[in-house]
Amino acid sequence: MFGRKITKGANAVVTGAGSGIGRAFALEIVRRGGRVVCADISLERAQETVEMIMDQVAGKLKNPDLVFVAQAWAVKCDVSKLKDVEALALQAEEIFGGTEDNTAIDLVVNNAGVGAGGKPIGETTIEDWKWTIGVNLWGVIHGCHVFAPRLRKKGAVRKCGIINVASTASFAAAPLMSAYNVTKAGALALTETLASEMAGTGVNVTALCPTFVKTNITKDGRIDPASNQLANKLMEWTGVSADGVVKETLNALDKGQLYVLPQLDARMIWRMKRLMPRSYTRGAGLLARVAAKAF
């Protein structure tokens, strides 16, 4: 019972599953024999992910006459709204055949997020602050608030897990990214708190903190044009595939790891920030100014 890997054959809920890291999570969970509810603010994008999963599964069928068994479902969900996340949980339970008191869900990935930045504190609009906090922080809070009690009950009889997608921004404190940094720092703190509360319950909790991953987050975000250009260049030069990051994160959850820093630069920033906080902060500001002039 407790030797089972959480991510093998899991009934999973993934938010922000319509693209990027969320889509990669959904595809990999199904590759591991699981079923997944793909939630996204865009039902069309979520459905695209479901279709990709159907194609992936159908491609493995040796007999084209075999009846396809559904392994993925698309659900529209705005994670910034508690009622949407509550409805998502009820839909997932109905799909998987569970209830609030006896959940069928094994894994929740709170991934939905938006990009924001390019202006200093005081020039970032309050509207952008509220929008970024609504998705990046309240979205994770809502996901944990709704799903954690279900998984806590289940953990007594079967291992299960929660993955919160944070970012290296949660501790890097890069200039001109105040709203994004604050939300990701909050998501990381929430994950750490949840992990301590879940200790000994059979529920593993993992925080994913990557640097640049090749996704469309800059396309859909609210980022100053110059900063957006720089971010796209950095993503092009240093960004890694979402598939590799997702595999590492799911394996880490199975092992009970709290932090996943999948890239070398993320791990370097983690150490530098703690060993030389003053020097790191001054250096980060200098690099930001140099980069701004270059673009």
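Each residue takes its place number in the sequence, starting with 1. Just so you know, these numbers come straight off a predicted model, no measurement behind them.
- How far CG of L137 is from CG of L188: 11.5 Å, rounded to the nearest 0.5 Å.
- A salt bridge links R31 with E28; the closest basic N to acidic carboxylate O contact falls under 4.0 Å.
- Using a 4.5 Å heavy-atom threshold, the side chains of L250 and V246 count as touching.
- The salt bridge (charged side-chain N to carboxylate O under 4.0 Å, His left out) pairs that include a residue from residues 99-115 are R4-D106, D101-K153, D106-K154, D106-R158, where partners are two or more places apart or lie in different chains.
- You'll find the side chain of T191 reaches within 4.5 Å of the side chain of V205, heavy atoms only.
- One distance of note links CG of L194 with CG of N110; it measures 9.5 Å at 0.5 Å rounding.
- Hydrophobic clustering (side-chain heavy atoms under 4.5 Å, transitive across Ile, Leu, Val, Met, Phe, Trp, Tyr) groups V109 together with M52.
- Atoms CZ and CD, on F147 and E86 in that order, are 10.0 Å from each other to the nearest 0.5 Å.
- Between T103 and C160, the closest side-chain pair of non-hydrogen atoms is not below 4.5 Å.
- Taking 4.5 Å as the limit, some side-chain heavy atom of L27 sits within range of a side-chain heavy atom of I53.
- Legend: residues meeting ring pair (Phe, Tyr, Trp, His ring centres under 6.0 Å) with Y259, ordered by chain and number and at least two apart, are W270.
- Defined by atom type and a distance below 3.5 Å, a donor-acceptor pair is present between the side-chain atoms of T49 and R23.
- Closest approach of D254 and N204 over heavy atoms only: O-ND2, 3.9 Å.
- Under a cut-off of 6.0 angstrom, the local environment of CZ in R274 is crowded, with over 12 non-hydrogen atoms contributed by other residues, nucleotides or ligands.
- A single hydrophobic cluster is not seen to contain both V140 and L208; linkage of ILVMFWY side chains at heavy-atom distances under 4.5 Å, directly or through other members, places them apart.
- Interatomic distance, CG of L43 versus SG of C77, reported as 11.5 Å (0.5 Å rounding).
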